[in-house]
Protein chains: 2
Amino acid sequence: MNAPLVTILDDEPAIRTMLADALEEAGFRTLSFGRAREFEAALQSHTPDVCLVDLSLPDTDGLTIVHRLALEQGAIVIIVSGRAQVQDRVTGLELGADDYIIKPFDPAEVVARVRARLRSNKPAAQTANTAHFDGWRAEFDSYMLVDDAGEHTPFSHAEGEVLRLFLDSPKRLISRAQMQESLGGAAGESFDRAMDVRISRLRTKLREDPKNPQLIKTIYGAGYIFLGDVRWN
Amino acid sequence: MNAPLVTILDDEPAIRTMLADALEEAGFRTLSFGRAREFEAALQSHTPDVCLVDLSLPDTDGLTIVHRLALEQGAIVIIVSGRAQVQDRVTGLELGADDYIIKPFDPAEVVARVRARLRSNKPAAQTANTAHFDGWRAEFDSYMLVDDAGEHTPFSHAEGEVLRLFLDSPKRLISRAQMQESLGGAAGESFDRAMDVRISRLRTKLREDPKNPQLIKTIYGAGYIFLGDVRWN
DNA sequence: AGTGCCTGTTACAATTCGTTAGATTTGAGA
DNA sequence: TCTCAAATCTAACGAATTGTAACAGGCACT
């Protein structure tokens, strides 16, 4: 549970420090780079949660970096650029950037936009504590499930662990082994039975039809898969 | 598989039509509203993928709507506002908005930002996991077969393995040896019997006439061939 | 102690899926 | 066309896996 890491790639030192100061003030960790080469080298050992990228770099075309980061590595990329033309912004976003901020900017807005991206984009970099899916809202602060009609159903800590695991990796098979490891997996003898029971109880609270569950599917001999359009907020 | 639905909430008709035109041109469905009351009424029957919201509305404070949409309904909210102060933007984003676009805007940029939000919210660039063939749809995420009439039939993991093999190589002979290898081919003695049974069960779910199967043909002494116009999606 | 909640354990029911076995189909050769 | 062995189909059985109701211990609060 470290603070999210934000990388800054800009050739102007003044901008780097301005951004770094504002972001660290807001509680983020930062790494700054003036050249694409250094930045790419650092990626070997760090995995940033958000990448701020300036388009006009001395050694590379910024758009190439954006494309590689966003589409190949799946990172959250925010372009911070002096190019203010609409066409620049459109192509930047089309190339996979998640946001496009124009210089000159106010550091407070950058922080707000970084937060907004972290909030909803990648569950891996959790900062949010509420998830929405298929007419449900899961509030991990208050341990509550809320349905369309606003009806509240509490869930326990153990149930929340399973639910969080599902909501972090929707539409992907999660094996029993993974579950045991992620959760309090002191792999006991019949520990897998306990997992079954947790899931059964969670299913009940989600009002799943036992004969035909829509959200939590069992894959015989493999594990479970959570189907649901998850959005963290 | 509908086009994403974008709602527009703005009290100026000119802006509504400008946005609607650009978004529909780009392939989205749109719904426009001039007042918060109408918009909220429409939410009862529609669930938009993205909500564009103007902050200055005649009948309500726009921020209230943003807050409710984002935090309670979990919608993607983009504020489109004439208020250009940094403080407005920060509070808007802080309240849960996913983006903040300042008037006057270029419709092309709005489209690009809507796309960016939809893109990043759909995680795990799905490798094609749904196939269509001869009035059927096979959903490998949810382990469901869906017929023309929309009736759902679940298929098991083992059945899905066979089905996927067929759908990957339609109209081509698949020998038993290939099947054993592709699937969990711990080639036992009577393992081919197991394969028979899998196919038999799959045929039942596809409502094949045992005397005259249309989709899965047996080639005596050679293997099986799947006839069907497969289109992956 | 008493009450209520959480959570693992147990026991049994239900499901999945390979195996078995008998029925049916296929195709080569008479 | 007829015969027969091999190949295939599928109902039925059973081992392994999973679902869940019921029970029990632990913990917090009265």
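Basis for what follows: all heavy atoms, side chains included, without hydrogens, waters or symmetry-related copies. Letters A, B, ... mirror the listed sequences (proteins, then strands); counts begin at 1.
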How long is the line joining [atom1] of [X] and [atom2] of [N], in whole Å?
X: A/Met179; N: C/dG8; atom1: CE; atom2: P; answer: 14 Å
X: A/Tyr143; N: C/dC6; atom1: OH; atom2: C1'; answer: 12 Å
X: A/Leu202; N: C/dG8; atom1: CG; atom2: C1'; answer: 17 Å
X: A/Tyr220; N: C/dT15; atom1: OH; atom2: P; answer: 13 Å
X: A/Arg198; N: C/dT9; atom1: CZ; atom2: C1'; answer: 14 Å
X: B/Gln180; N: C/dG18; atom1: CD; atom2: P; answer: 12 Å
X: A/Glu159; N: C/dG8; atom1: CD; atom2: P; answer: 10 Å

Query raised in the report: So among B/Arg207, B/Arg137, B/His152, which one has a side chain to side chain donor-acceptor pair (under 3.5 Å) with B/Asp147?
Result: B/Arg207
Check whether the side chains of [X] and [Y] place a donor and an acceptor atom closer than 3.5 Å, and report yes or no.
X: A/Ser142; Y: A/Glu139; value: yes
X: B/Thr30; Y: B/Glu24; value: yes
X: B/Ser81; Y: B/Asp88; value: no
X: B/Thr218; Y: B/Arg203; value: yes

Query raised in the report: In B/S/- notation, 5' to 3', how is nucleotides 19-28 of chain D contacted by protein heavy atoms closer than 4.0 Å?
Result: BB-B------
Query - Atom CZ of B/Arg37: over 12 foreign heavy atoms under 6.0 Å - result: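 Counting neighbours around CZ of B/Arg37, 12 or fewer heavy atoms of other residues, nucleotides or ligands fall under 6.0 Å, so no.
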Query raised in the report: Ring centroid separation for B/Trp232 and B/Phe140, is it under 6.0 angstrom?
Result: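 Under 6.0 Å, so yes.
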Query - salt bridge (Lys or Arg N to Asp or Glu O under 4.0 Å) partners of A/Glu208, counting only residues at least two apart - result: none
**Report entry** Rounded (10°) bend between the five-pair end axes of the helix from C/dA1-D/dT30 to C/dA30-D/dT1
**Finding:** 10°
Query - Phosphate OP1/OP2 of C/dC5 contacted by A/Ser156 side-chain N/O (<4.0 Å) - result: no
